[in-house]
Each structure stands twice: as C-alpha cells, then as structure tokens.
J.: 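Below is a structure I'd like to ask you about.
In what follows, every chain begins at residue 1, and chains take the letters A, B, ... in the order their sequences are listed.
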Number of protein chains: 2
Amino acid sequence: MSLKYAVLAALHEQPATGYDLTRNFRTRMANVWNASHQQIYRELAKMTEEGLLEVEEVPQESRPDRKLYRLSDAGTASLATWLAEPQGRPPTRDPLLVKLFGGDLVDPASLREEIERHRRNWQEELGRYQDIEAEYFSKPEQVPFRFRLQHLALRKGILAMEANLAWADEVAGVLKDELTSRP
Amino acid sequence: MSLKYAVLAALHEQPATGYDLTRNFRTRMANVWNASHQQIYRELAKMTEEGLLEVEEVPQESRPDRKLYRLSDAGTASLATWLAEPQGRPPTRDPLLVKLFGGDLVDPASLREEIERHRRNWQEELGRYQDIEAEYFSKPEQVPFRFRLQHLALRKGILAMEANLAWADEVAGVLKDELTSRP
DNA sequence: TCGCGCATGTAAGTTGTTACATGATTTA
DNA sequence: TAAATCATGTAACAACTTACATGCGCGA
C-alpha cells in the first residue's frame, strides 16, 4: 500500500535515480522502508505513467544514462494528502520468533548460535545508525525541523536495536540455564 | 516465505482449526506473526493438499463443522528441517516513519495527534502482553523449556513496545519545542 | 434488535521476492 | 584479476490485502 509514498517522500526530499533510492532505502532509511531495486524501478515507471513523477534523462558515458526522478505537482499533492491521513501499524512477521514456538523440535545449541548471529547483525546496524546520528544530527537544537523529524525516524531504529540487544541477553540467559542443567 | 512455518509451529504446539489459528495469530502470537483469516484458510487447504497436514472434521449443530488440523509426519519433518536453517530478519516497512520524511509537508499538530494515537495502541498492546506474562509465565524457573521459549517470544514483544513508548516520549518532546516556539 | 463471536470460505487485485540479464569502471 | 560499484531493467512467481459471501446463537 505504500512503497509509493515512501518513494514520494524520498523524492520530495530531493530528486534521485532508482539507484539512489535503492541505496537510500538500504542505508539511511533502512529502519523506515525496505525495497529491492526491482521493486523500485517498477514502481518508478508506474508512478511516472500515473503522472506523479517527472523524469530527466542525464546522459553518461560508458554507463546507462541516469534517470533523475522528481515529484510533479500531482505527486506533491498526493504525498500531502497521504501525510494528512492516519496510518496503521506495520504487521509483525518474525521468523526468529516463529522458531521459539517449535518446542521440542528446537535444538538449544543451534538456537544459541542463531541468536548470537542476530546479535552481531543488530550490533552492526546500531553502529551504522549511531554513525549517522553523530555525523548528521549531533546538534539537535540548531537543526531545521525537517532534519529533526528525520532524526526521530533514526532514533526509532536506534531504540529498536537496543531493545533487540537487550532481548538477546535475556535469551542467552535462558539458553545458558538450559544448556548447563541438561548438557 | 513462511506463513507456512508459522502454521506448522502453531499446529505442532496443538491441533487447531483455521478459526483458532486466526485468533492465536491476533492475540498470543501477535508479536510473532500476523495473518488474516483469508490467508490462513487458503494456506491450510494448500498445506493439506501437499500432505503436510491432516484434517479431522468435527461435526457441529447450527454452525459450520470445525475442521481440526494437525501435523502429518511430513509436516513435522518439514518443520524440523526449517527450524535447523538460519533465518533472516523481517523487512522493516513503517508508514509512520515515512511520514517523518515528508519535511515541510508535515503538519506538526496533526503529527502529534497521530503519535499519541499510536502511543495509546502500543500501551494497550503492552498491557495485553503483560497480562499474558502474568497469567502464564509468572514462575519462569519452574516451567518447561518450550514454555520458556514462548515466554522469550513474548518478551521480545514487551521490549519492543517499551521501546516504542520511550520513542513516543522523544517525539513528543521535539514536537512540543516546535509547537511552542512557532505556534 | 443490533452487534459480536463462532466458523467457513472465494475472487480479484496489489505488493514483494527470486531469478535472469547486461556491461563498463573503480578498488583491493 | 577478482570483486564491488554504478546503472538499468524484465519475467515469473509467491505472498498479502481487500472485498464479497453465508448464517446461527448469545448477550446487552
């Protein structure tokens, strides 16, 4: 229902190519919206056809020409309308938690390894967010409102990763009990 | 990629009807896996055809007969195989955070209302999880391992909601600044 | 009597994933 | 010289959402 609006919001910030958007969704907006390049290119074509975007072809040598997309007036209007609507919450679908319902089929030792792997990923992701925070949002009082909003989006990612890491500790505690009492 | 395994895990715990699964996914497993009843009925039919599930029809008066599903041997084997595989992380797609990238098109006052609405939802959800925790998992040391694993899944939901609420406070702070300095 | 809970589904449409496809340039 | 980055896509498939559909019993 809204890769469309994620794209509109990203392009409202500044015009970009499909490649740029793909990179942004993977890095700076990783805790906001995920989308593969295939999805993005398809969506950009569709939205352009619908008149929400304008394209400027920027010729290049020895590479495919860049297609720089920006919002049309209709695109801006569509984004503004959407922004005024109340939004629902994203659905939760976590394969790792499904595992915990596997009961007697779950092997505690391999579960422990998996949790540690996830812990490392969460730690890395937290690090990346903290780097962005330090680089772009270190003076929160002096920054324009739109940057403060972006900072808040990032903060949600940071708090979520911290919660994940705290949870990993709880899991480690339970698994340690289990693995020492019944080795 | 794995409503299938969420269903297998739920049915491994105990046999259930589509209706039961729908209810579980909405309540006890709300922080684990979301699925609508339409999706679940369709998936149950497909999985039965694939030989992963067995159905027992339980006749009822004045209601449609219940179809009680349980794992076949193939279903148990399929779940066990899946449990041994490392799992990826769920993608993040949060419309509320997309809003924060709307920049000058975002109205701070209506954003504040929306955050407060989300806060109330998160608070309610946290309350439900805490009720479940108090009712089923209040004596963590004496409980069998599979219940401790389920408790951990619930704990992740609790920590996530607490992080959401802490974030709502941060947002409220920023919006208060903005709304008082430029009213 | 109105809405909720029980209990099942079908159909159409949208969104997301996975696999395939190309090719030059820069960096290690 | 191998891998990553830049830069674009198509096609097939799987998963998810939304709308439609039925009907009884129970409690407020």
J.: Both A:Ala35 and B:Arg66 contact DNA chain C. Taking the nearest nucleotide for each, which residue is further toward the 5' end?
T.: B:Arg66
J.: If each of A:Tyr69 and A:Arg42 is mapped to the nucleotide of DNA chain D with the nearest heavy atom, which maps nearer the 5' terminus, i.e. the 5' end?
T.: A:Tyr69
J.: Give the rounded distance in Å between these two atoms: CG of A:Asp20 and P of D:dT5.
T.: 15 Å
J.: Choosing from C:dA7, D:dT8, D:dC16, which nucleotide comes nearest the side chain of A:Arg93?
T.: D:dC16
J.: Between B:Asp94 and A:Lys156, does at least one N-O distance fall below 4.0 Å, as a salt bridge requires?
T.: yes
J.: Just by distance, with hydrogens left out, do B:Thr76 and B:Asp73 show a side-chain donor and acceptor under 3.5 Å apart?
T.: no
J.: Output the rounded distance in Å from CG (A:Asp65) to P (D:dA7).
T.: 11 Å
J.: Rounding to a whole Å, what distance do you find between B:Glu57:CD and C:dA7:P?
T.: 14 Å
J.: Choosing from C:dG9, C:dT8, C:dT15, which nucleotide comes nearest the side chain of A:Lys46?
T.: C:dT15
J.: Nearest to the side chain of B:Ser36 - D:dT17, C:dT17, C:dA7?
T.: D:dT17
J.: Report the distance from atom CD1 of A:Ile40 to atom C1' of D:dT8, rounded to the nearest whole Å.
T.: 13 Å
J.: Starting at atom CZ of A:Arg23, determine the distance to atom P of D:dA7, rounded to an integer number of angstrom.
T.: 8 Å
J.: Rounded to whole Å, please give me the gap between OH in B:Tyr5 and C1' in D:dA14.
T.: 13 Å
J.: Salt bridge between A:Glu13 and A:Arg146, side-chain N to carboxylate O under 4.0 Å?
T.: no
J.: Verify whether one side chain among A:Gln14 and A:Arg70 offers a donor that lies under 3.5 Å from an acceptor in the other.
T.: no
J.: Can you measure A:Leu44 atom CG to D:dT10 atom P for me and round it to whole angstrom units?
T.: 12 Å
J.: Looking at B:Glu56 and B:Lys67, does any basic side-chain N land under 4.0 Å from a carboxylate oxygen?
T.: no
J.: Please determine whether a side-chain nitrogen or oxygen atom of A:Tyr41 lies at a distance below 4.0 Å from atom OP1 or OP2 of D:dG9.
T.: no
J.: With sequence neighbours left out, what residues match A:Trp167 under ring-ring contact (aromatic ring centres under 6.0 Å, His included)?
T.: none
J.: With respect to the phosphate group of D:dA14, does any side-chain polar atom (N or O) of B:Lys4 fall under 4.0 Å of OP1 or OP2?
T.: no
J.: At under 4.0 Å between heavy atoms, which parts of nucleotides 20-28 of chain C does protein reach? Answer with one letter per nucleotide, 5' to 3': B base, S sugar-phosphate only, - none.
T.: B---SS---
J.: Using whole Å, what does the distance between atom P of nucleotide C:dC6 and atom CG of B:Leu21 come to?
T.: 14 Å
J.: Just to verify, what does A:His12 make a ring-ring contact (aromatic ring centres under 6.0 Å, His included) with, not counting sequence neighbours?
T.: none
J.: Below the 4.0 Å mark, does D:dA7 have OP1 or OP2 next to a side-chain nitrogen or oxygen of A:Gln60?
T.: yes
